[in-house]
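In what follows, a structure is listed as structure tokens, so that the remarks can point back to it.
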Amino acid sequence: GPPPPPPVRVSRAGPILLLARVSRAMADEAPKPEEVEAPPAAAEADAAAAAVQDRMNLQSLPIRAYLDQTVVPILLDGMSALVKERPPNPVEWLAAYLIKNNPQGSSGNPPAM
């Protein structure tokens with residue numbers, strides 16, 4: 001099969017650089033044009049099909065694209081809030097923020113490690 005993807009390397013000095021790079025990359029992406037509205041039942045079926053397709057597509061994305069689509073937006077929001085708050089326990093604070101503001105909601109199951 002294909003070789004495994006290279007490991008993601010993040011230096012301790014990297015959070016600010018990561019934020020800058022991600023912000024630039026997100027700003028470069030052009031918004032997609034809106035599609036014509038379908039009748040409600042068809043729209044629901046299309047949305048369900050699109051959700052299944054999105055989950056399948058996430059599995060085949062390169063590392064950077066996967067992170068940009070799943071984690072980076074909420075992580076940037078959390079880090080912005082973190083620097084405003086400056087709590088004494090930043091890692092725990094950020095973890096709580098991410099859980100509280102998870103756009104996918106709570107699965108009720110801990111992540112498999």
Side-chain angles (χ1 to χ4, degrees):
V8 176
R9 292 189 177 111
V10 178
S11 71
R12 288 194 178 261
I16 300 302
L17 294 175
L18 175 64
L19 286 173
R21 281 191 217 131
V22 170
S23 295
R24 268 188 256 120
M26 291 175 74
D28 290 343
E29 293 179 15
K32 296 178 182 169
E34 295 297 320
E35 294 182 12
V36 176
E37 272 192 49
E44 288 176 20
D46 286 347
V52 169
Q53 187 66 41
D54 286 346
R55 283 192 296 273
M56 290 172 35
N57 289 341
L58 285 176
Q59 299 302 317
S60 62
L61 287 174
I63 293 169
R64 177 69 184 257
Y66 172 77
L67 292 173
D68 285 347
Q69 289 187 24
T70 58
V71 178
V72 170
I74 187 66
L75 190 56
L76 288 174
D77 292 344
M79 291 178 74
S80 295
L82 176 71
V83 297
K84 290 176 187 170
E85 288 283 326
R86 303 228 176 196
N89 53 352
V91 173
E92 289 179 23
W93 190 95
L94 182 59
Y97 179 94
L98 294 173
I99 291 168
K100 179 181 175 187
N101 295 285
N102 182 355
Q104 297 174 339
S106 175
S107 64
N109 298 321
M113 297 274 179

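The structure presented is a predicted model; accordingly, all values stated were derived computationally and were not measured. Sequential numbering from 1 along the given sequence is applied to the chain's residues.
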d(I74 CD1, I99 CD1) to nearest 0.5 Å is 11.5 Å
Could you go through residues 91-98 and list every donor-acceptor pair under 3.5 Å that involves a side-chain atom there, pairing it with any protein atom two or more places apart or in another chain?
from	atom 1	to	atom 2	distance (Å)
E92	OE1	N89	ND2	3.4

For residues 61-91, the ring pair (Phe, Tyr, Trp, His ring centres under 6.0 Å) pairs (sequence neighbours left out) are none
Are any non-hydrogen side-chain atoms of N101 and D77 less than 4.5 angstrom apart?
no
With sequence neighbours left out, the residues meeting side chain to side chain contact (heavy atoms under 4.5 Å, CB included) with V83 are none
